[in-house]
Amino acid sequence: QVQVVESGGGLVQAGESLRLSCVASGRTFSNGRMGWFRRPPGKERDFVASIWWSDGSSYYADSVKGRFTISKDNAKNTVYLQMNNVKPEDTAVYYCAAARGGGLSRQESTYDDWGQGTQVTVSS
C-alpha cells in the first residue's frame, strides 16, 4: 500500500499562485502514475492532472490547461501541482492519488491510494 499525503493548500486571491505537494511513501511503483483531483463545494470530484513516474508524461483537464503544471521528483517520491493565475472556480478540496500501473489517467477508479485532501480557496 502507498501512503499519500498532500500539503500546500490555503487561501489565495484570484490571479495569484499556489503550489501543492504530494508525497507518496511505502511501496511505490516505477511504472505507475500520480494524479490530482478536486472536489468543488457541492460538486463531484473531478480530474485535474496526472503524471507518469517513468517518463513524466502528463495530462490535464481542459479547465486548467495553460495555468496548472504537474511535475515530479522521483528521488523524493513527490509530485507537485503548480497553480498559476488561480480563479475563484478553482476553489476546492484537492486530492492526490497513486496508481500502481496503467489505465485511464482521468478515471478515479484507476487509482489505488488516495490522500485526505487539502483545501484551496480562491477569493475574488
Hydrogens and angles aside, do Arg33 and Thr110 bring a side-chain donor and acceptor to less than 3.5 Å of each other?
yes
Can you hop from Tyr95 to Leu18 via hydrophobic side chains spaced under 4.5 Å?
no
Check whether Tyr80 and Val64 end up in the same hydrophobic cluster, where Ile, Leu, Val, Met, Phe, Trp and Tyr are linked by side-chain heavy atoms less than 4.5 Å apart.
no
Rounded to the nearest 0.5 Å, how far does CE of Met34 lie from NZ of Lys72?
12.0 Å
Stepwise, does the side chain to side chain contact (heavy atoms under 4.5 Å, CB included) test hold for Ile51 with Trp36?
CA-CA 9 Å; Ile51 191 166; Trp36 285 100; over 6 Å; no
Going by atom types alone, do Lys87 and Asn85 pair a side-chain donor with an acceptor below 3.5 Å?
no
Contact summary for Ser17 and Asn84, nearest pair of heavy atoms:
OG-OD1, 2.9 Å
Is Val48 reachable from Val86 through a run of I, L, V, M, F, W or Y residues, each pair having side-chain heavy atoms under 4.5 Å apart?
yes
For the residue pair Cys22 and Val4, what are the closest heavy atoms and their distance?
SG-CG1, 3.4 Å
Of the non-hydrogen atoms in Arg45 and Arg39, which two are nearest, and what is the gap between them?
N-NH1, 3.8 Å
Testing the basics here: between Ala14 and Ser124, what is the closest heavy-atom pair and its distance to 0.1 Å?
CB-CA, 4.4 Å
Report the distance from atom OH of Tyr111 to atom CZ of Phe37, rounding to the nearest 0.5 Å.
4.5 Å
Under 3.5 Å donor-acceptor pairs involving side-chain atoms of residues 96-105, not counting sequence neighbours:
from   : atom 1 : to     : atom 2 : distance (Å)
Arg100 : NH2    : Asp113 : OD2    : 3.4
Ser105 : OG     : Ser50  : OG     : 3.3

OH of Tyr94 to OG of Ser7: how many Å apart, nearest 0.5 Å?
15.0 Å
Could you check whether any side-chain N or O of Glu6 sits under 3.5 Å from a backbone N or O of Gly117, counting only pairs where one atom can act as donor and the other as acceptor?
yes
According to the side-chain hydrogen bond (donor to acceptor under 3.5 Å, both in side chains) rule, which pairs have a member within residues 114-123, sequence neighbours left out?
Gln119-Thr121
Exercise: identify the closest heavy-atom pair between Tyr60 and Thr69:
OH-CA, 3.4 Å
Using the rule that two of Ile, Leu, Val, Met, Phe, Trp, Tyr join whenever any of their side-chain heavy atoms come within less than 4.5 Å, decide whether Leu81 and Val23 are in one cluster.
no
What distance do Trp53 atom CH2 and Asn77 atom CG have between them, rounded to the nearest 0.5 Å?
5.0 Å
Cluster check Trp52, Ile70: I/L/V/M/F/W/Y, side chain < 4.5 angstrom
no
So which heavy atom on Ala61 is nearest to which on Arg106, and how close?
CA-NH1, 3.9 Å
Look up atom CE in Met83 and atom CZ in Arg38, then write down how far apart they are to the nearest 0.5 Å.
7.0 Å
Spatial distance of atom CG (Asp62) from atom CZ (Phe47) [nearest 0.5 Å]:
10.0 Å
